[in-house]
Structure formats: structure tokens, C-alpha cells
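Computed from a predicted model, the values in this text were never measured in an experiment. Side chains are part of it too, since the values below use all heavy atoms of this structure and drop only hydrogens, waters and symmetry mates.
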Amino acid sequence: MKPEFPLKADTAVLRRLAEKFLQRQRPKRGRKDPAAADDLRLQHELQVHQIELELQNAQLLGTRDRLEILLAKYTDLFDFAPIGYFSLDEASRILEANLTGAVLLGANRSQIINHPLLRFLTPSSQPVLLAFLKRVFAGTGKQVCVVELRKRGGGSFWASIHSSSALAESGQPKCARVAVSDITSLKQAEEAQRRAEILTAVNRELELEIARRQAVEKALKQSQQEQGRLLAQSRGMQQQLRRLSHQILHAQEEERRRISRDLHDEVTQILTGINIHLHALARKAKVNPEGLDHEILQTQRLVEKSVVIVHQFARELRPPALDDLGLSVSLHSYLDEYMKRTGLKVHFTTFTSGRIEKLNSAMRTVFYRVAQEALLNVAQHANASQVKVSLQKLAGAVQLEITDDGKSFEVNQVLHTKKNKRLGLIGMQERVEMVGGRFKIVSAPGLGTTVQARIPLSKAGRGHSR
């Protein structure tokens, strides 16, 4: 029976165990012989030494068994690790490799041992690995690099290589322990992510470009619509100007016809009568010179009448008082004649002001023509019984207002219809706006019609009459 011993024991412990074992095995003896005692001591020492050797042998066997188990575990962990392990020298020669590393390279370990790892790298990755090994053997700490490895049977993959510092075994040159991981999927994910980011950026740029083009298209449509509106407005204004021009020509022709007719019917007849009287006076002067006084008086009356008619024509064309005496006096004179001619009652209110009388000729003419045309429309179309005319100075402007109690009309329809024959309304508006003023007509059933012309005093500079 062999003695039990601990897994770890020094020499003293082994001796105590051996002596204890011998004491249990040795029978008790009686009185000892001195000569035999020496033999017994020698035998005891030999037996103790033998037991110590047996215990040491058993201990070594146990240690060997444990080391074999640990070696098997280490071999399994080393060979079947999920990453490849290599031992490399400075020239990248493979000194050791696990099974996973060999599988990564697509070869058996016997086919890669003592061969440079550079042979398994793409040309672009070889300088990266050499620089990596140079840093590792220089002992600059943990190093990492990413290279593209080629398998022996074909194909390639991206690998991440990690190492700290080179180790030196006794009697052996330095070698670097490196760990190689296949990061192809990570690289593909990074590439996919990069492409996704590029695609996202491109999509964002496309969205911005689409938004910009939509904005440009919208602005272009708005511009086209605005151009169309302005073109239509311009065409409408051109048509209105053509109508106004035609109506002005027609009105001028009618005015010429009226003046021609009046001159023919009145002035020509009077002048013809004067001529007849002068012929008669010439005959009578030969027969009876004493009876010429009465005939000369009749002829003078005819001449005076023709002068009055000519003056009336001149006043209708442009009253001299408008330039000589001012706007208020001219309106008074015109309203007096208007009431006599039409029978309408006109109430005229004016607030005399130096600023009103200092209006330039163009503005005085505009106010006078507006009043003249408005009152003419009242006489022809309103069927009114009375009219109110006011000329007053407001804050920074002069305003003329003519109000009648006659029938009303649709202002917008009359002003903007294509068949508008009312030249007077358009003419009044054009005259007022020409000098920077504002023209307004208000007409309502039961309230009559109000014509209002307002011209800012800031416009009251030099101007021309028309």
C-alpha cells in the first residue's frame, strides 16, 4: 500500500510522510542490540528514501497528467479559437499558426508554416503589414492594422490584425504574437453604411434640387401669370386708350361741327345782314344821304351782336378770366351763365385761399373742365332740380365737389364697359390723374351723384393748360 501525499509537497513534508508510513508498517521489537541498531537505522534511511522517491514519482506523474490535461485544453483553445493566431518574425514569416488561422488562409498549417504572411496579402495591403510589424518590433505598444488577405484557393477577405509587443524566447529570435479576425462583414456593413450615407446625401441634394426647381417653377408660373395679367391689363388699357382716342376724335369732330354750324347759322347770317345793309347804305348814299343815321344804327347793332357771339364762343373754348382772375371768379361766371341757360339752381360754395388761387394753370384748367363737364352731364342726363358746387382747401390738397339730386347710374359699368360712350367721365378722370390727383364718382338711388376731384398742393408747381 502506497502512502497518500498532497499534490504539492516539499522535501521535509515527504520525509515526515515516509517516516510516518514506516512506523505504521514496522512491528514493535523488544530490547535492541547496539550493533543491530545501526543496521536498523541504515535500513530505515533506505526505506525512507525509497518512500520519498516513490512519493516524488507519484507527484511527478500527477503533475504530468495535469499538464497533459492543461495542454489539451490550451491546444483546443488555441487551435479552435474563433480568431486566427500567428507567430511572425520581422519579415512576416509564419512561425506558428492555429487551425483557425490556417482555415482563414484556406490552407493546412504545413502549407503556411515558414512562409511569409505577405504572400497572402493583396499588393495594396503589403506595405500596411510591414509598417505594422515595424511598430510591433519597435515595442511602441499595442498596434492594430486592417489588411486584405487572399486565400490560398482563391478569394479574399478583410482582416483586422492586433498585436502588442514582440517576445523573445531563450536562444530564439524575437517573434510577434498576432491575432487575425475576419472583419469582412463589418467592412461590408461599413461600406453599406457609407453608401447609405452617400445615398442619403444624394437624396437630400435631390430633394433640395427638387424643392428648388419646384420653387423656380412656382415662381415662373407666378411670373407667367403676372405677365399674363399685366399683358391683359395692358391690352385692356390699350383698348381703353384706343376707345378714348376714337371718342376724343369723335368729340372733336362733333365740336367742330357744332362750332361750324353755330358760326354758319349765327355769325355768318349776321355778317351777311351787315353786308346787305352796307350795300343798301351805299345805294341810299347816292340817292338820299340825309336818311343814313337809322340804317347805320341797325348795322352797328348787328356788329355788336356778332362780337357778343364771338366772345361767347371764345369763353366756351377757354374763358380768359381763368388766367386773368383765377379759378373762383371763372367758376362764378360760368355758373351764372349755366343757370340762365339750363334753368337749374346751382349753389356754389368756395373758401377763398391764397393757396387755391396760386394753383398752376394746368390745375386750374383741370378743375374748370371737370366742373364744366360734370354740369353738362347733369343738364343732359340727371333730370336734377338743383346742384351743389364746392371748392375748398383740405389738408395738403384742393378739392372740387359737384353734387346733384338727380337720378343715379352704375358707375363701374359706365366707366369700364367696352361700349362706354360717356367720354366726359373718362375725360374727367384722365385730366385729374394727369396732374397727380384723385378722381371719384359716387352715385346711389335717391341720393343723386357726386363727382369729386382732389389734387395735392405738392403738385401745384408749374404746368400747362389744356
Participant: How long is the straight-line distance from CG of Leu88 back to CZ of Arg177, given to the nearest 0.5 Å?
Facilitator: 10.0 Å

Participant: Using the test side-chain contact (heavy atoms from CB on, under 4.5 Å), find all partners of Glu433 that sit at least two apart in sequence or belong to another chain.
Facilitator: Gln429

Participant: Report the distance from atom CG of Leu375 to atom CD1 of Ile402, rounding to the nearest 0.5 Å.
Facilitator: 6.0 Å

Participant: Give, for atom CG of Leu391 and atom NE2 of His332, the distance between the pair rounded to the nearest 0.5 Å.
Facilitator: 9.5 Å

Participant: Can you run down the salt bridge (Lys or Arg N to Asp or Glu O under 4.0 Å) pairs that involve residues 120-131, sequence neighbours left out, and say none if there aren't any?
Facilitator: none

Participant: Going by side chain to side chain donor-acceptor pair (under 3.5 Å), name the residues that satisfy it together with Arg195, two or more places apart in sequence or in a different chain.
Facilitator: Glu191

Participant: So Phe132 and Val178, do their side chains get closer than 4.5 Å, heavy atoms only?
Facilitator: yes

Participant: ring-ring contact (aromatic ring centres under 6.0 Å, His included) with Phe157: which residues, sequence neighbours excluded?
Facilitator: none

Participant: Apply side-chain contact (heavy atoms from CB on, under 4.5 Å) to Val346 and list each qualifying residue two or more places apart in sequence or on a separate chain.
Facilitator: Leu335, Tyr338, Met339, Val387, Val389

Participant: Nearest 0.5 Å, please: how far is CZ in Arg152 from CG in Leu105?
Facilitator: 10.0 Å

Participant: Looking just at side-chain N and O atoms, do Ser443 and Thr449 make a donor-acceptor pair shorter than 3.5 Å?
Facilitator: yes

Participant: By side chain to side chain donor-acceptor pair (under 3.5 Å), which residues pair with Ser125, not counting sequence neighbours?
Facilitator: Thr122

Participant: Answer yes or no: is there an ion pair linking Glu401 with Lys388, defined by an N-O contact shorter than 4.0 Å?
Facilitator: no

Participant: Run the salt bridge (charged side-chain N to carboxylate O under 4.0 Å, His left out) test against Asp182 and tell me which residues pass, sequence neighbours left out.
Facilitator: none

Participant: Taking salt bridge (charged side-chain N to carboxylate O under 4.0 Å, His left out) as the test, write out the residues that go with Arg213, two or more places apart.
Facilitator: Glu209

Participant: Go through the structure and list residues passing salt bridge (charged side-chain N to carboxylate O under 4.0 Å, His left out) with Lys221, not counting sequence neighbours.
Facilitator: Glu217

Participant: For residues 224-231, which side-chain N or O atoms pair as donor and acceptor with protein atoms under 3.5 Å away, sequence neighbours left out?
Facilitator:
residue	atom	partner	partner atom	Å
Glu226	OE1	Arg229	NE	3.3
Glu226	OE1	Arg229	NH2	3.4
Glu226	OE2	Arg229	NH2	2.3

Participant: Once side-chain contact (heavy atoms from CB on, under 4.5 Å) is applied, do any residues pair with Leu376, and if so which ones, sequence neighbours excluded?
Facilitator: Glu373, Gln380

Participant: What residue pairs, at least two apart or across chains, pass side-chain hydrogen bond (donor to acceptor under 3.5 Å, both in side chains) with a residue in residues 110-121?
Facilitator: Arg93-Asn114, His115-Arg119

